[in-house]
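To start, the structure under review is shown below, and the notes come after it.
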Amino acid sequence: MANEKLWGGRFKEATDRRVEEFTASIRYDMRLLRHDIEGSIAHAKMLGKQGIISNEESEKIVAGLISIREDIEKGDLRFSVSLEDVHMAVESALIERIGEAGGKLHTARSRNDQIALDIRLYLREEAATILQLLAKLNETLLKRAKEEIDTLLPGCTHLQKAQPVLLAHYLLAYREMFHRDSLRMRSCYEGINVMPLGSAALAGTSIPIDRGYVARLLNFPRISKNSMDAVADRDFAAEFLFDTALIMMHLSRFCEDLIIWSTDQFGFIEMADSFTTGSSIMPQKKNPDVAELIRGKSGRVYGNLVSLLTLMKGLPMTYNRDLQEDKEPVFDSVDTVRSCLEIFEGLIGSTVFKKDKMMQDAKTGYAAATDIAEYLVTQGVPFRKAHAIVGRLVGYCIEKDKNFDELSLEEVKMFYEGAKTEIFKYFDVERSVAGKTVSGGTARQAILERIKEIEKEREVS
Ligand code: ARG
């Protein structure tokens with residue numbers, strides 16, 4: 001019995017059903033249909049222009065491909081698993097529709113360079129969408145930072161109160177992270193934006209194609225330089241998965257803060273009802289599930305990166321079927337990151353910051369201790385000594401259950417003989433913040449300068 005597949009010529013037996021099931025990728029690579037057809041249209045036009053097929057054949061192929069796309073989108077056409085993957089499904093449907101001419105589409109092309117093209121077309125689009133989502137999130141963060149330019153927040157290290165900062169500074173810290181994510185994603189986009197078609201199976205082709213023309217039709221600024229590399233390479237996908245993993249890491253850390261801040265114990269924020277959920281048993285509960293899920297989903301996005309890296313590490317040159325396994329991790333990371341960026345923007349945009357509680361907390365816990373030590377330094381005390389003096393002062397306050405501003409000058413003098421009343425100014429947390437005028441610091445002025453810079457950069461880009 002012969003084998004009916006497009007590649008069935010040399011086979012005497014039909015493919016085992018289980019093998020068909022096992023090797024098929026059509027269940028998930030249908031997502032590439034639009035890109036596959038777009039690539040095929042460009043390829044067919046080029047074949048026609050080069051006289052490799054007739055203009056009439058080329059036009060027939062293009063029209064056939066467009067009608068297949070339309071029918072799939074309308075739901076009028078379904079592909080069976082026996083067709084293996086999206087490439088062969090489209091090609092079979094084309095041959096069915098336009099006959100003989102359809103069989104010419106695959107001239108000077110292999111599924112190996114075809115799939116490389118499809119993923120690049122797909123990821124190029126998704127990278128652009130992610131860039132837009134990052135830009136939107138950063139706009140929201142900037143807006144919220146401007147609103148909170150006078151809100152004090154106890155800044156932490158080790159999750160312990162460390163030094164007072166402005167909430168705007170905190171929000172802009174995340175903006176910096178997401179901005180770096182944008183830069184990385186833009187550079188990743190450049191890596192994706194290379195046209196591999198013409199590499200064929202691995203060696204290129206003897207048919208006189210015009211790769212530059214295909215690249216122009218598909219809006220690629222560059223073509224790949226080595227046919228073996230072009231079909232074996234998934235670096236651009238790994239880079240994309242790394243970039244998305246880092247975005248998730250940033251989102252996850254932000255969510256962790258929000259989860260902690262939303263607790264009754266912290267009480268720094270109130271998440272909007274529309275972005276929280278309730279408990280099925282405890283009527284009083286309002287849970288930060290959105291933030292928790294984003295934190296949770298970062299795991300699978302890391303996993304996808306590790307999947308691809310592991311998938312690639314032992315592959316001999318050039319194409320191997322293992323590469324088919326690149327798709328699900330890539331698709332999953334795309335879906336996850338897109339939805340997380342979108343929902344997080346809504347979450348942070350609608351969260352209410354409880355300024356009074358933040359301010360009250362910033363004032364306790366001796367957050368100005370470093371400022372007092374720095375003041376002592378200006379009085380000629382070596383920093384190490386100043387650190388020890390203030391440390392003892394803090395110990396005394398804890399023992400007496402007092403804040404710095406509840407101390408008398410006599411009490412301060414027990415630890416630093418030279419104390420003058422002006423030292424009390426340095427107990428003030430607002431003064432502490434105002435003093436951090438160093439570039440990149442948390443003083444209002446330094447933040448406003450950074451905001452100006454950001455707005456200028458935004459105008460240029
Ligand atoms: N479905 C395959 C993939 O995703 C397409 C390429 C198959 N090439 C081959 N020589 N079997 O990688």
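Counting starts at 1 for both ligands and their atoms, in listed order. Just so it is clear, the structure is predicted and the values come from calculations on it, not from any experiment.
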If we only count N/O pairs under 3.5 Å, is Tyr319 in contact with ligand 1? yes
Pairing of Glu56 and Lys60 as salt bridge, 4.0 angstrom limit: no
For ligand 1, does Asn112 get within less than 4.0 Å through its side chain, its backbone, both, or neither, judged by non-hydrogen atoms? side chain
Here the atoms of ligand 1 under 4.0 Å from any heavy atom belonging to Ser25 are 1 (N)
Just checking, Lys5 and Phe11: is the charged tip under 6.0 Å from the six-membered ring centre and within 45° of the axis? no
Contact region, Arg321 to ligand 1, non-hydrogen atoms below 4.0 Å, reads side chain
Among all protein heavy atoms, pick out the one at the shortest distance from atom 11 (N) of ligand 1; state its residue, atom name and that distance to 0.1 Å. Arg111 NH2, 3.5 Å
Do Val330 and Leu123 touch side chain to side chain, with heavy atoms closer than 4.5 Å? yes
So the atoms of ligand 1 within less than 4.0 Å of a heavy atom of Gln324 turn out to be 1 (N), 2 (C), 3 (C), 4 (O), 12 (O)
Between Tyr122 and Arg31, is there a cation-pi geometry (under 6.0 Å to ring centre, at most 45° from the normal)? no
Measure from NZ or CZ of Arg111 to the centre of the six-membered ring of Tyr319, then state whether that distance is under 6.0 Å and the direction lies within 45° of the axis. no
Below 4.0 Å from any atom of ligand 1, is there a heavy atom belonging to Lys327? yes
Does either side chain, that of Ser439 or that of Arg450, offer a donor lying less than 3.5 Å from an acceptor on the other one? no
Which of the numbered atoms in ligand 1 are under 4.0 angstrom from any heavy atom belonging to His87? 5 (C)
Just by distance, with hydrogens left out, do Asn3 and Thr15 show a side-chain donor and acceptor under 3.5 Å apart? yes
What protein heavy atom sits nearest atom 5 (C) of ligand 1, and how far off is it? Asp85 OD2, 3.5 Å
